[in-house]
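By convention in this document, chain letters (A, B, ...) are assigned in the order of the sequence lines, proteins followed by strands, and residues within each chain are numbered from 1. Because the structure is predicted, anything quoted here is derived from the model rather than measured.
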Number of protein chains: 2
Amino acid sequence: MTQRHASATIIDVAREAGVSKSAAARVLARSGSASPQTKQKVLEAAERLGYRPNQLAKAMKSGLTHTLGVVLPDVANPFFSAVLRGFTDAARSAGFEVLVSNTDNDPEIESSSIELLAEKRVDGIAIAPVLQRDPQAIARIAAEGIPVVLLDRRLPTLAALPLVSADHADATAQAVRALIDNGHTRIALLTEATQSLDELRAIAEGPDDAYFALLRPSAQRVIGYLRALAAAEIPADEHLLLRSAYSVDDAQRAVEAFLDSGVTATALHSTDAALTSGAYRALTARDIAVPQDLAFIGFDDQDWTTLVRPAVSVIDQPRQRLGATAATTLIGAIRGHAPSAHDHLLNASLLMRDSVGSITQA
Amino acid sequence: MTQRHASATIIDVAREAGVSKSAAARVLARSGSASPQTKQKVLEAAERLGYRPNQLAKAMKSGLTHTLGVVLPDVANPFFSAVLRGFTDAARSAGFEVLVSNTDNDPEIESSSIELLAEKRVDGIAIAPVLQRDPQAIARIAAEGIPVVLLDRRLPTLAALPLVSADHADATAQAVRALIDNGHTRIALLTEATQSLDELRAIAEGPDDAYFALLRPSAQRVIGYLRALAAAEIPADEHLLLRSAYSVDDAQRAVEAFLDSGVTATALHSTDAALTSGAYRALTARDIAVPQDLAFIGFDDQDWTTLVRPAVSVIDQPRQRLGATAATTLIGAIRGHAPSAHDHLLNASLLMRDSVGSITQA
DNA sequence: ATGAAAGCGCTAACAC
DNA sequence: GTGTTAGCGCTTTCAT
């Protein structure tokens, strides 16, 4: 079989330099010893031939490809594209390249992507997993000892794998506390969580952190809301929990319905980027004056939040840092030959802009 | 040397099945012939052992990694993240995985990225190149016969390489024509091109397409503007060419300065995503009523353009399709063993929304 | 139909 | 200090 783009091999270099294969290999890999003359002859020969080491061959010997895999729902989504940026930056500065896959939240695609990455012998994989009951592919590679880190979300059945995510509950709690500090007590929350208020309250109040940790981000955020309210002794109100599917349109509908319902609220916090866009659309569609009629805090520092007026206050997740942390965690596990132990919960921060006003005590 | 994550090899499978290595290889690769019994024994053994083909070894033999490289300025930039999405989708459906690199428009990073991809023996590389005078790394891999396609921009010294990009001149011309059709004649253009009006006009009027093709996107867009004006017999006016560096802030400053200058214009078109954000900021800062005081057409279908009011009309580049086309072009070149010949200029489209009004003829 | 053997490019003992 | 050799996992003649 002829090689496709026959570039010079170490053998070619050795022949050109008039030394043995291993002599050439030694100087090219800066390992072992070689006389100055040999060194020079080999280096010159390599230069002349435009020698380029074949990392495939190196990987076969060493078992290390210096390649990381990252499996995400969609790299075109601003959140994940920022995560990917952080991931590739950290990977590259440690000498790793990265192979990306999109899953579109399809479990089939996810598992085939993971299999492919494993066949390509990546040294580790970061996955923002599709939320499903039986993530076999992930479980399998993890069991085989390939370093894996979960991104953004955890799966109940994979509780043992390290997770890198924002501290979702705290993120939302920060927003709610800020609203409370500004005098708000009727605070609506737009969420895609589907659990009942009672169920969520039980978790929020319960001491069972293990159970909490297995919740999806959306639910953890509601927990943060409930805890912030409780800390301020503000009762939670079923009617202030606005439910929406994960889509801009549905979020808009949900918020419009709420605004039309007559339920009173002085503030609104949306707990996700898409929901935030939908909520904002609803506010404009219903001509709500922000922050006079309603204070508003969105989620994720999207471009548009500073382009509109008033500029929208948001909870900002450290997106790039999430990616970078995932990469370094993985690399640590690869280097340390030990499974990367614990979770990394990074703090989100509140970017206070002009969409929140103070309520003067009556 | 011990392998890192020793997964079963074809030898293990052969032993488990009680056949020879080559027998196992044949059934596992569905090549050559094997008796039904052998086939079954091998398949079962593979299943039992959780055999996973080692693509590294396959690649060593075949010289094909089924991996594509893509080198972009920044995957977190919405334009490039969409391009990347299209690229990975097309790659994956043809059985290729993709390795990404960010360059931040740094020539050093670009060339080292390319070298690394070449060392990993990717089958082809798509590059949105840093605009520089001497792109040695690209020239080198291209000379070695590795399939390369340029994305979005061309380099004068690499005129021979195929390019996949939007038809920049036509994109801008579409916007300008739409403004003209709505009665505008005083149309300002925000650009990062640095050539003088005379220089650009010479190219716009000249028959020298070869020279035009080597211009950077920003300049090609101005050419489209000049041609659209010329077609309507509207003279170009130096004062209507607003110059800005490639940044939101600088664009804002440029537009604000223009608005403050007293030069009259009834329409503005910004020729890039960042410039569009900056221009929009300036319009809000100066309280310009759009479209009454000024018609506005932006560039790239960014999220916020439909969140603000009035919704901003934009020129939309087929971002994902650009990426997908780059991938299929590359794959064609890989399969055909022939250098992918010609360019692909994809058409942008005008998304007419509410930021353009008609001028009633006086 | 099946097995033996060579070889892709590289590294690492191991002799000399 | 240098060369010989085996082998990473796989495909592919080539005999049998």
Side-chain angles (χ1 to χ4, degrees), chain A residues 1-43 45-46 49-66 118-123 144, chain B residues 1-43 45-46 49-66 118-123 144:
Chain A
M1 163 101 346
T2 321
Q3 294 306 298
R4 210 57 204 324
H5 310 291
S7 123
T9 74
I10 217 166
I11 298 198
D12 299 324
V13 173
R15 188 182 316 122
E16 172 85 8
V19 299
S20 77
K21 190 173 57 162
S22 37
R26 274 190 293 262
V27 352
L28 259 14
R30 300 161 179 61
S31 74
S33 45
S35 72
Q37 305 94 300
T38 306
K39 206 171 284 185
Q40 179 175 355
K41 280 191 295 184
V42 170
L43 258 15
L49 266 35
Y51 170 73
R52 179 152 47 211
N54 184 332
Q55 301 296 350
L56 255 35
K58 285 199 166 150
M60 284 228 38
K61 276 253 75 168
S62 69
L64 244 32
T65 54
H66 291 283
E119 291 186 358
K120 294 239 157 112
R121 297 308 195 251
V122 294
D123 297 330
E144 288 175 3
Chain B
M1 163 101 347
T2 321
Q3 295 306 297
R4 208 59 201 324
H5 309 291
S7 119
T9 75
I10 218 166
I11 299 199
D12 299 325
V13 173
R15 187 182 317 121
E16 172 85 7
V19 300
S20 76
K21 187 172 62 158
S22 33
R26 275 191 292 264
V27 351
L28 257 14
R30 302 162 178 61
S31 73
S33 44
S35 71
Q37 304 94 300
T38 305
K39 206 171 285 186
Q40 178 174 359
K41 279 191 295 182
V42 171
L43 259 15
L49 265 36
Y51 170 74
R52 177 152 49 210
N54 183 333
Q55 301 295 351
L56 254 36
K58 284 199 165 146
M60 284 226 40
K61 275 254 78 166
S62 68
L64 246 31
T65 53
H66 290 284
E119 291 186 357
K120 295 237 157 115
R121 296 310 195 253
V122 294
D123 296 330
E144 288 175 3

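- Rounded to whole angstrom, the span from the CD1 atom of A/Ile11 across to the C1' atom of C/dG7 amounts to 10 Å.
- The listed nucleotides are D/dT11, C/dG9, D/dT4; the one nearest the side chain of A/Ser22 is D/dT4.
- Whole-Å rounding puts the A/Leu64 CG to D/dC8 P distance at 17 Å.
- In this model, the phosphate group of C/dG9 is not approached by any side-chain N or O of A/Thr9 to a distance below 4.0 Å at OP1 or OP2.
- For C/dC10, neither phosphate oxygen OP1 nor OP2 lies less than 4.0 angstrom from any side-chain nitrogen or oxygen of A/Ser62.
- One finds no side-chain N or O of A/Lys58 lying less than 4.0 angstrom from the OP1 or OP2 phosphate oxygen of C/dG9.
- The distance from atom CD of A/Gln55 to atom C1' of D/dC8 is 15 Å, rounded to the nearest whole Å.
- Listed nucleotides C/dC10, D/dG1, C/dG3 differ in distance to B/Ala23; the shortest reach to its side chain belongs to C/dG3.
- At a threshold of 4.0 angstrom between heavy atoms, the contacts of B/Ser31 with the nucleic acid are absent.
- Here the side chain of B/Ala25 is nearest to one of D/dA6, D/dT11, D/dG3, namely D/dT11.
- Between A/Ser35 and D/dT2 there is a side-chain N or O to OP1 or OP2 distance below 4.0 Å.
- An OP1 or OP2 oxygen of D/dG1 is reached within less than 4.0 angstrom by a side-chain nitrogen or oxygen of A/Ser33.
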